[in-house]
Undergrad: 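Sending over a structure as structure tokens; questions will come in a sec.
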2 protein chains.
Amino acid sequence: MRLLLVEDEDLLRAQLVKALEDNDYIVDSVQDGELGLFQAKEFSYDAAIIDLGLPKMNGIDLIKAIRAEAKVFPILILTARDNWTDKVEGLDAGADDYVVKPFQIEEIKARLNALLRRAAGFAKPSLDFGHLSLDTSAKQLSVSGNSVELTAYEYKVLEYLMLHPGQVISKMELTEHLYEQDYDRDSNVLEVFVRRLRQKLDPEEMLKPIDTVRGQGYRFNVPPN
Amino acid sequence: MRLLLVEDEDLLRAQLVKALEDNDYIVDSVQDGELGLFQAKEFSYDAAIIDLGLPKMNGIDLIKAIRAEAKVFPILILTARDNWTDKVEGLDAGADDYVVKPFQIEEIKARLNALLRRAAGFAKPSLDFGHLSLDTSAKQLSVSGNSVELTAYEYKVLEYLMLHPGQVISKMELTEHLYEQDYDRDSNVLEVFVRRLRQKLDPEEMLKPIDTVRGQGYRFNVPPN
DNA sequence: CAAGGTGTTAAGCCTTTGTTCATATTGACC
DNA sequence: GGTCAATATGAACAAAGGCTTAACACCTTG
């Protein structure tokens, strides 16, 4: 899960980043609205946490701009207690929830979880395609009935692919979803993971659940019927 | 046993928290209805104690909202003597019992025990999976008929895992259920408990009732039929 | 006070996993 | 067909994470 954090206060930002990272989120944090918008346009996030009082471009405008880009990930806004009217404006602009400063880090985490779960919407515990089924709460794959264990990273890759069935996902997009910063460019970790996944998904190499589109990325195939 | 306490009066709240904690409950306490609802949604409790006169969202609405979320844990309401009509409304809204203020702490504890016993009584006296059966009221485990003693913490761990069968439960989630605050990060208590549990559950190490999903947590395996 | 049990810590060992590397294979373009 | 870049593959390695055991402090209980 990759988060965008836009917060101008250095100390608070650092605390949040740490807390979120401890919870296994991958966090990109920036200090002002302009940078926030740039990041939001350039990368794809699972959720954003945005302080409403920001330099360069205020939080409300940032949210509007993000929504104008047709980005739909949930947005959690941080607002000071005294100007709570902002909160309404923020929700109007397209935010999904708010937390009033000062807050407990725990509250942020809980709200975030709620949003992400809600965003998953259909709250599907499992992603099913033909004889492949990925149980997202058991973190387990089942191939025509037989359960198969996945490592943490194998799971992340497969989940991401299965969440975008039939779409070509570039290696960069995948890598960015797995790691914090842009990872060492000349590494073939991803290829190795895909290789191991293919073996587990389809030991016989008959059905080719994951195609490689040369130069573009990988694609999880929706099985016929 | 984890309780949710929603009470706006600081002194009373503190007294209740202390008394309950002395009785080995784990207590989350909040000051208003909105926070209460949030907690109830976000975490899973064994029971709740709710004052009817609350800021932000009154107790009646809170109870309705909790029940609307399909939460079934018992709810004990606290009500002032003069407006006893609230009590009826509260019970109608879905509360299970009431105590009139002012009260003796002892009374709260007694009512709570009764509620919990009743809830355990017909809700789920035992968690059964294959040849494993955990008697939640006797706090006793039986492995293919033979009863096995569990220590307090062993029981807590196993109960939590068995309440979420087939799901991967992170160590953090488990630890938070065992202890109040987030516990010392670099301690391996949990591993030790799991180790001891595994021995008791399955001395032969054949059936692997508890899987470890590396980097993610533990999973109680649902035995195949 | 002795004895036994329980929760906790510490330490070393062992396994899994992520990562790298070297080398093979593939596909696209000339 | 030849050439080059992109991807696959298999093996090897180091570190993280988990396991296991033992010891210890603290309670209870008799």
Side-chain angles (χ1 to χ4, degrees), chain A residues 21-22 24 26 139-141 148-158 160-161 168-205 208-220, chain B residues 22 24 26 139-141 148-161 168-175 177-205 208-219:
Chain A
E21 286 183 347
D22 284 346
D24 286 331
I26 297 175
K139 309 249 179 206
Q140 215 178 22
L141 170 71
V148 177
E149 294 296 333
L150 297 179
T151 73
Y153 277 66
E154 285 169 5
Y155 176 84
K156 286 189 196 173
V157 172
L158 181 59
Y160 196 72
L161 288 174
V168 176
I169 309 293
S170 75
K171 295 207 214 176
M172 243 193 49
E173 190 177 344
L174 269 173
T175 321
E176 279 173 1
H177 248 260
L178 298 186
Y179 304 96
E180 297 252 3
Q181 327 281 25
D182 31 14
Y183 196 65
D184 190 9
R185 307 190 147 274
D186 48 346
S187 159
N188 68 335
V189 244
L190 203 68
E191 275 109 328
V192 175
F193 287 142
V194 170
R195 153 81 175 142
R196 291 178 182 165
L197 266 179
R198 292 211 245 237
Q199 285 191 149
K200 292 189 177 180
L201 288 172
D202 179 33
E204 318 293 332
E205 311 222 0
K208 308 258 178 196
I210 299 176
D211 275 358
T212 140
V213 183
R214 183 165 261 248
Q216 321 255 337
Y218 293 103
R219 176 181 51 213
F220 180 80
Chain B
D22 285 344
D24 287 331
I26 296 176
K139 312 245 179 226
Q140 227 188 10
L141 170 71
V148 176
E149 293 300 328
L150 296 179
T151 73
Y153 277 68
E154 284 169 6
Y155 175 83
K156 287 189 193 175
V157 173
L158 182 58
E159 182 193 54
Y160 196 73
L161 288 174
V168 173
I169 309 292
S170 74
K171 295 199 197 182
M172 243 193 49
E173 189 176 344
L174 269 173
T175 323
H177 234 258
L178 298 186
Y179 307 95
E180 297 257 1
Q181 329 281 23
D182 31 13
Y183 198 66
D184 189 10
R185 312 194 132 272
D186 49 346
S187 159
N188 67 336
V189 242
L190 204 68
E191 274 117 321
V192 175
F193 287 140
V194 169
R195 153 88 174 137
R196 292 177 181 165
L197 266 178
R198 292 211 244 237
Q199 284 191 151
K200 293 188 176 180
L201 289 173
D202 179 32
E204 318 293 331
E205 310 221 359
K208 308 253 177 201
I210 300 176
D211 274 358
T212 138
V213 183
R214 182 167 262 246
Q216 322 227 31
Y218 292 103
R219 179 181 51 210

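Every chain is numbered from 1, with letters handed out A, B, ... down the list of sequences.
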Undergrad: Ignoring backbone atoms, test whether A:Thr212 places a side-chain nitrogen or oxygen under 4.0 Å from the OP1 or OP2 oxygen of D:dA8.
TA: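 Yes.
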Undergrad: Tell me, with the steps shown, if A:Arg196 and A:Glu154 meet salt bridge (Lys or Arg N to Asp or Glu O under 4.0 Å).
TA: CA-CA 8 Å; A:Arg196 291 178 182 165; A:Glu154 285 169 5; 5.1 Å; no
Undergrad: So which nucleotide from C:dT9, C:dG7, D:dA8 ends up closest to the side chain of B:Asn188?
TA: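 It is C:dT9.
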Undergrad: Under 4.0 Å, counting only non-hydrogen atoms across every strand here, what does B:Val192 touch: a base, just sugar-phosphate, or nothing?
TA: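 Base: the residue B:Val192, judged by heavy atoms under 4.0 Å, touches a nucleobase.
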Undergrad: Please confirm whether the shortest side-chain N or O distance from A:Thr151 to OP1 or OP2 of C:dG18 is below 4.0 Å.
TA: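 Yes, A:Thr151 has a side-chain N/O under 4.0 Å of OP1/OP2 on C:dG18.
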Undergrad: Within the structure, does a side-chain N or O atom of A:Ser187 lie under 4.0 Å from either OP1 or OP2 of C:dT19?
TA: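 For A:Ser187, the contact criterion (side-chain N or O under 4.0 Å from OP1 or OP2 of C:dT19) is not met.
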Undergrad: Quick one: which of D:dC19, D:dA11, C:dT9 gets closest to the side chain of B:Tyr218?
TA: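 Among D:dC19, D:dA11, C:dT9, the one nearest the side chain of B:Tyr218 is D:dC19.
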Undergrad: Which sits closer to the 5' end of DNA chain C, B:Val213 or B:Leu150, going by the nucleotide each is nearest to?
TA: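 By nearest-heavy-atom nucleotide position, the 5'-most residue is B:Leu150.
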Undergrad: Is the side chain of A:Lys156 donor-acceptor paired with the backbone N or O of A:His177 at a distance under 3.5 Å, no angle test?
TA: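 Absent.
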Undergrad: Write down the distance between CD (B:Gln199) and C1' (D:dT20), rounded to a whole number of angstrom.
TA: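 To the nearest whole Å, that distance equals 9 Å.
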Undergrad: Nearest whole Å is fine: how far is C:dT9 C1' from B:Tyr153 OH?
TA: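 Those two atoms, OH and C1', are 15 Å apart.
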Undergrad: Ion pair present between A:Glu149 and B:Arg219, side-chain N to carboxylate O less than 4.0 angstrom?
TA: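 B:Arg219 and A:Glu149: salt-bridged.
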Undergrad: Please state how far atom CG in B:Asp202 lies from atom P in D:dC19, giving the value in whole angstrom units.
TA: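 Atom-to-atom, B:Asp202 to D:dC19, this comes out as 14 Å.
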Undergrad: Could you state the CD-P distance from B:Gln216 to C:dT16, rounded to the nearest angstrom?
TA: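 For the pair B:Gln216 CD and C:dT16 P, the rounded distance is 16 Å.
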Undergrad: Rounded to whole angstrom units, what separation is found between the CG atom of A:Leu197 and the P atom of D:dT9?
TA: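 So the CG-P distance, A:Leu197 to D:dT9, works out to 13 Å.
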Undergrad: For A:Ala152 and B:Glu154, take the nucleotide of DNA chain C holding the closest heavy atom to each; which residue's nucleotide lies nearer the 5' end?
TA: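 Looking at the nearest nucleotide for each, B:Glu154 comes out on the 5' side.
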Undergrad: OP1 or OP2 of D:dA6 less than 4.0 angstrom from a side-chain nitrogen or oxygen of A:Lys171, does that happen here?
TA: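 So the side-chain polar atoms of A:Lys171 never come under 4.0 Å of the phosphate oxygens OP1 or OP2 of D:dA6.
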Undergrad: Over how many whole Å does the gap from B:Glu149 atom CD to C:dT6 atom P extend?
TA: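 Going from B:Glu149 (CD) to C:dT6 (P), I get 9 Å.
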Undergrad: Does B:Arg196 make a side-chain donor-acceptor contact with the base of C:dT8, cut-off 3.5 Å?
TA: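 Result: at least one qualifying N/O pair found.
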Undergrad: For A:Arg198 and C:dT25, what is the distance between atoms CZ and C1' respectively, to the nearest whole Å?
TA: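 Taking CZ of A:Arg198 and C1' of C:dT25, I get 13 Å after rounding.
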Undergrad: Can a donor-acceptor pair under 3.5 Å be found between the side-chain atoms of B:Arg214 and the base atoms of D:dG17?
TA: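 For B:Arg214, whose side chain was compared with the base of D:dG17, there is a donor-acceptor pair (under 3.5 Å).
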Undergrad: When you compare the side chains of A:Tyr155 and A:Gln140, does any donor N or O come within less than 3.5 Å of an acceptor on the partner?
TA: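 Short answer, no.
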Undergrad: Quickly work out the B:Tyr179 OH to C:dT6 C1' distance and round it to whole Å.
TA: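 From B:Tyr179 OH to C:dT6 C1': 11 Å.
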Undergrad: Parallel, tilted or perpendicular: which describes the rings of B:Tyr153 and B:Phe193, with under 30° parallel and over 60° perpendicular?
TA: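 Geometry flag for B:Phe193 against B:Tyr153: parallel rings.
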